[in-house]
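Below is one structure; the comments refer to it alone.
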Protein chains: 2
Amino acid sequence: MSTKNKILDAADVLFADKGFNGTSLREITSQANVNLAAVNYHFGSKKELIKAVMSRYMDELSPQLESALSLICHAETKPNLHEVFSAFIEPLLNLNEFKENGTSTFLQLLGRGYTDSQGFLRWFLTTQYPNVFTNFTKAVKIAYPELSTEEMFWRLHFTMGTIVFTMSSSEALIDIAQNDFDNKLDIAGVIERVIPYVAAGVAAPISKIHNQVMSS
Amino acid sequence: MSTKNKILDAADVLFADKGFNGTSLREITSQANVNLAAVNYHFGSKKELIKAVMSRYMDELSPQLESALSLICHAETKPNLHEVFSAFIEPLLNLNEFKENGTSTFLQLLGRGYTDSQGFLRWFLTTQYPNVFTNFTKAVKIAYPELSTEEMFWRLHFTMGTIVFTMSSSEALIDIAQNDFDNKLDIAGVIERVIPYVAAGVAAPISKIHNQVMSS
DNA sequence: CGCTATTTTAAACATGTGTTTAAACTAGCT
DNA sequence: AGCTAGTTTAAACACATGTTTAAAATAGCG
């Protein structure tokens with residue numbers, strides 16, 4: 001395996017586990033059994049390495065998501081929200097074939113990107129892969145046309161939060177769940193449970209009152 | 001104002017903004033206009049400072065939450081989920097009187113604690129303030145008794161994720177929303193929007209199929 | 001005041017960080 | 001073989017980190 005890929009693989013799991021700030025290049029290179037300077041030689045800087053780790057997933061995921069969502073948008077029968085969100089399942093699980101445990105690390109990394117390093121990764125993703133977002137909002141708009149654009153904006157970010165947060169702590173949660181309920185569970189099981197939750201959240205009835213002053 | 005409080009106030013906003021790992025003691029002490037060594041003198045270590053910042057909020061919040069939830073549990077009429085979640089609003093907004101922008105920084109800090117430093121803060125909170133969690137699950141159990149303990153476990157963590165993630169990126173989101181919809185919005189407005197979402201998510205119909213193998 | 005305990009201060013410490021350098025090594029090709 | 005372009009290596013660099021030290025300043029009190 002090439003040095004470049006050894007670095008990417010090691011960085012992948014370490015970033016997911018300990019965050020971008022929390023992982024040093026020395027940890028990465030010693031885990032990958034390559035020389036410290038290899039990162040700067042092959043990627044230029046740590047920041048570029050982070051981008052490369054994410055791009056590896058996004059380049060695989062983005063076209064799959066786009067086609068799955070566009071399929072839903074142009075279907076004969078009007079899709080419901082549960083179907084829209086389910087469109088994510090297969091592309092996400094396909095990451096596991098492309099790379100072992102790809103789903104879980106990718107979603108963890110996504111969560112890291114939102115909180116670590118003050119959202120530079122969010123900027124990177126939305127500017128580099130804008131089609132995923134527009135196709136997604138389009139699909140939701142078809143499935144739930146009554147939802148105003150602003151309300152949808154918020155609910156989609158709530159959904160983003162649910163998914164990303166859940167997956168970034170999924171290992172810990174699965175451990176706890178295994179102990180308390182001795183129910184065999186994996187990442188697919190968690191996805192299966194979170195879909196009804198977010199679908200119901202986005203489909204929630206629209207509250208009329210906003211920006212009101214709370215009574216204290 | 002005492003040196004101790006100057007440090008706590010500065011650490012509060014810096015931790016919320018840049019994370020625990022991302023904030024140095026030198027940033028904190030220079031922001032607080034105190035000597036660098038003051039942190040170790042008054043708190044012992046950075047880790048203890050983090051605990052102190054969180055405890056300041058939890059000691060204020062925890063009794064309020066407990067009584068609000070216990071009020072709901074012992075009410076004459078059976079509460080619904082929307083009411084259970086709304087019980088959080090007032091105690092959270094009260095943090096703003098106790099400290100300017102207390103709500104937003106507290107929830108941001110909570111989000112940081114879940115992702116930064118590999119969840120040592122989650123351990124700290126669940127062991128130091130267990131009553132909040134048990135009272136909350138009790139209230140949900142009353143409002144939605146059909147929900148199995150395991151299903152509830154997951155949905156409450158989904159909810160945690162939604163709230164924490166939303167609030168930790170709330171400033172950025174509010175900025176975007178202001179621009180795109182020129183709708184005046186503050187932290188209370190965001191809370192007002194997220195409550196129906198999480199209430200609907202937790203109240204979602206129970207899916208019968210779990211742990212199934214996904215078709216590929 | 002004078003003494004003591006607490007707090008503040010500047011400096012140093014040891015370690016860890018991302019990055020750069022220049023020499024050594026390794027193909028690949030004529 | 002000899003040359004070249006690509007890669008790897010160990011060492012050093014410059015700087016940032018949390019923590020400790022010991023002297024100086026400040027209260028608090030009899």
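- V202(A) places a side-chain heavy atom less than 4.5 Å from the side chain of Y197(B).
- Look at R56(B) and D9(B) and you find a salt bridge, because one of the NZ, NE, NH1 or NH2 atoms lies within 4.0 Å of a carboxylate O, short of that distance.
- Atom-to-atom, CG of L36(B) to C1' of dA11(C) comes out at 11 Å; the value is rounded to the nearest Å.
- Here E60(B) does not pair with K99(B) in a salt bridge; the nearest charged N to carboxylate O distance is not below 4.0 Å.
- If you measure from atom CG of N40(B) to atom C1' of dT17(D), you get 12 Å, rounded to the nearest angstrom.
- Note on R193(B) versus E150(A): salt bridge recorded, some NZ/NE/NH1/NH2 to OD/OE distance being below 4.0 Å.
- Among the heavy atoms of the strands lying under 4.0 Å from T23(A) are primed sugar atoms or P, OP1, OP2 only; no base atom is included.
- Between N33(B) atom CG and dA10(C) atom C1' the separation is 16 Å, expressed in whole Å.
- One finds no salt bridge joining D17(A) and R112(A) here, because no Lys/Arg side-chain nitrogen approaches an Asp/Glu carboxylate oxygen to under 4.0 Å.
- In this structure, the nucleotide among dG18(D), dT20(C), dT21(D) sitting nearest to the side chain of A37(B) is dT21(D).
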Using atom names, set out every protein N or O paired with an N or O of nucleotides 6-8 of chain C below 3.5 Å, distance rounded to 0.1 Å.
from	atom 1	to	atom 2	distance (Å)
dT7(C)	OP2	Y41(B)	OH	3.1
dT8(C)	OP1	T3(B)	OG1	2.3
dT8(C)	OP2	T3(B)	OG1	3.4
dT8(C)	OP2	H42(B)	NE2	2.8

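- The CG-C1' distance, from L25(B) to dT19(D), rounds to 9 Å in whole Å.
- Judged by distance alone, with hydrogens and angles left aside, R26(B) brings a side-chain donor or acceptor within reach of the base of dG18(D), the pair sitting under 3.5 Å.
- Distance K46(A) NZ to dT20(C) C1': 17 Å, rounded to the nearest Å.
- dT19(C) atom P lies 13 Å from atom CD1 of I7(A), rounded to whole Å.
- One interatomic measurement links the two molecules: CG of L14(B) to P of dT17(D), which rounds to 12 Å at whole-angstrom precision.
- Within the 4.0 Å cut-off from OP1 or OP2 of dA16(D), not a single side-chain nitrogen or oxygen of S24(B) is found.
- The six-membered or imidazole ring of F136(B) lies near that of F85(B), with a centre-to-centre distance under 6.0 Å.
- Summarising the geometry, the separation between CG on L49(B) and C1' on dT19(D) is reported as 14 Å, rounded to the nearest angstrom.
- No side-chain heavy atom of F165(B) sits under 4.5 Å from any side-chain heavy atom of T162(A).
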